[in-house]
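Heads up, the thing below is written out as structure tokens.
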Amino acid sequence: MSRTILICSGKGGVGKTTLTANLGIALARQGASTAVLDADFGLRNLDLLLGLENRIIYTAQEVLAESCRLEQALVRHKQEPNLSLLPAGNPRMLEWLTPDDMQKIVGLLEERFDFVLIDCPAGIEDGFKNAAAASREAIVVTTPEVSAVRDADRVIGLLQTRAIEPIQLVLNRVRPRMMANQEMLAVGDVTDILALPLLGLVVEDEQVIVSTNRGEPLTLNGSRSPAGLAYTNVARRLRGEEVPIVDPSKEPQGLRARFSRLMQTKIF
Amino acid sequence: MTLRDFIDKLLGRQAASANTARQRLQLVLAHDRSDLNPELLEQMRREILEVVSRYVEIDLEEGDVSLETEDRVTALVANLPIKRARTTPLPASVASA
């Protein structure tokens, strides 16, 4: 049984595409055949993060128009052949795909893959509606910032009216020190406000930028960097493994951390 | 209040911002989720107070009608301290005057 998962956030720039690329590779490395579908064809970037930007010839649009076969449009990752990329369209395309088109394409992918990850465009307009129409489950990505959480809340409301289930949360770009100093929304604040189960927690990590520069997701080479490990754990949890989530702002980090925990003691 | 908040207050420093963020978010989300703009909420608040005050004398200074949100459920919460009950309800026109 194939699982089609929408990766969305509402707000742009919170790490949807980075999560899609890393999660796709991690799932593939764990043995699940995985397709990642870039539903944002106006501003597509998933190809770039996966290092596949020079290998795209066809898109889902040509498949729908029957001018090529699905196999021809799928771009298989050389180092991780369990992973294939399908761009929904190209930036020169003038017409949006319809929700029906998206459902057709995803239907074809579901015949072949264990996981279909849909990288959703930012916003809650047509691009989002198309991508959501074809999805069964969703992962909402947010950062511990007021604007990202607010937009995530809007998106969650829209997903719930579409009976997309389960909807799980990935909290991205967590800065443990700021959280410990109470200068950033706590993990519990975000999960309480959005009322979603937490699927993963990713700390802010410079290695993400380095890996993006190279077009090699952190999960590709089994990176031990904090974000790389976090993405791998998201994939494991998604496949049903029990992997505990550690709140990095509560981790013992020596005297400084103990002092900051002391400062958080409730006195009245 | 945490120890840190207390020390911040003593030293006249600004309190940690996470708390402010949470409070602002909870308020804005309550409005987003209910799709009520502040103007409509204010109108509703006035009308509720009007109806209630026909039956009981309420403390208008202390009275508060607001939206609260928990677990993605938004509730309209009215907290209206009653001074005394009226034996006979006032007609609608009198109370609104």
Side-chain angles (χ1 to χ4, degrees), chain A residues 10-11 124 140 142-161 165-169 171 174-197 247 249-250 256-268, chain B residues 1-48 59 61-81:
Chain A
K11 187 177 182 302
I124 49 174
V140 175
T142 191
T143 63
E145 288 160 82
V146 285
S147 51
V149 175
R150 183 192 197 177
D151 292 357
D153 189 78
R154 281 296 297 278
V155 162
I156 294 163
L158 294 172
L159 294 173
Q160 283 173 338
T161 61
E165 236 304 299
I167 308 170
Q168 303 184 85
L169 186 71
L171 188 56
V174 168
R175 298 179 183 222
R177 182 167 291 177
M178 286 190 79
M179 252 186 205
N181 290 335
Q182 294 189 20
E183 297 291 4
M184 180 171 254
L185 284 167
V187 178
D189 288 342
V190 181
T191 52
D192 282 355
I193 287 172
L194 297 178
L196 290 188
D247 184 340
S249 66
K250 297 205 168 98
R256 202 191 159 96
R258 262 194 282 171
F259 177 71
S260 97
R261 271 201 299 275
L262 171 73
M263 297 297 279
Q264 282 164 52
T265 321
K266 283 238 191 304
I267 47 175
F268 53 82
Chain B
M1 179 180 268
T2 63
L3 189 55
R4 179 190 160 129
D5 294 339
F6 181 69
I7 292 170
D8 283 345
K9 224 174 206 162
L10 274 185
L11 300 177
R13 282 195 304 221
Q14 270 202 315
S17 61
N19 226 346
T20 317
R22 187 177 53 240
Q23 283 164 4
R24 291 179 61 218
L25 253 176
Q26 276 166 340
L27 194 67
V28 78
L29 289 185
H31 286 274
D32 284 357
R33 288 171 185 171
S34 67
D35 253 337
L36 272 179
N37 62 44
E39 209 171 299
L40 272 176
L41 186 69
E42 177 55 28
Q43 190 184 335
M44 181 168 69
R45 198 183 67 85
R46 258 179 298 154
E47 286 176 23
I48 288 172
D59 191 339
E61 295 296 302
E62 295 290 313
D64 179 39
V65 178
S66 62
L67 293 174
E68 280 177 19
T69 177
E70 202 167 299
D71 271 351
R72 301 197 57 80
V73 177
T74 301
L76 178 73
V77 180
N79 184 0
L80 309 171

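Below, chains carry the letters A, B, ... as their sequence lines are ordered, and counting in each starts from 1.
- Chain A forms the most heavy-atom pairs under 4.5 Å with one residue out of B:Leu29, B:Val28, B:Asn19, and that residue is B:Leu29.
- In terms of the side-chain contact (heavy atoms from CB on, under 4.5 Å) criterion, residue partners of A:Ala186 (sequence neighbours excluded) are, by chain and number, A:Asp189.
- Separation of atoms CD (B:Gln26) and CG (A:Asp192) is listed at 8.5 Å; rounding is to 0.5 Å.
- The most heavy-atom pairs under 4.5 Å with chain B, out of A:Gln160, A:Glu145, A:Arg154, come from A:Gln160.
- Per-residue counts of heavy-atom pairs under 4.5 Å with chain B were compared for A:Leu196, A:Leu194, A:Asp153, A:Val146; the largest is that of A:Asp153.
- Formation of a donor-acceptor pair under 3.5 Å by the A:Glu183 side chain with backbone atoms of B:Ser17 is found in this model.
- Between B:Ala18 and A:Leu185, the shortest heavy-atom distance links the atoms O-CD2, 3.8 Å.
- Considering every non-hydrogen atom in both B:Leu25 and A:Arg150, the closest pair reads CD2-N, 4.0 Å.
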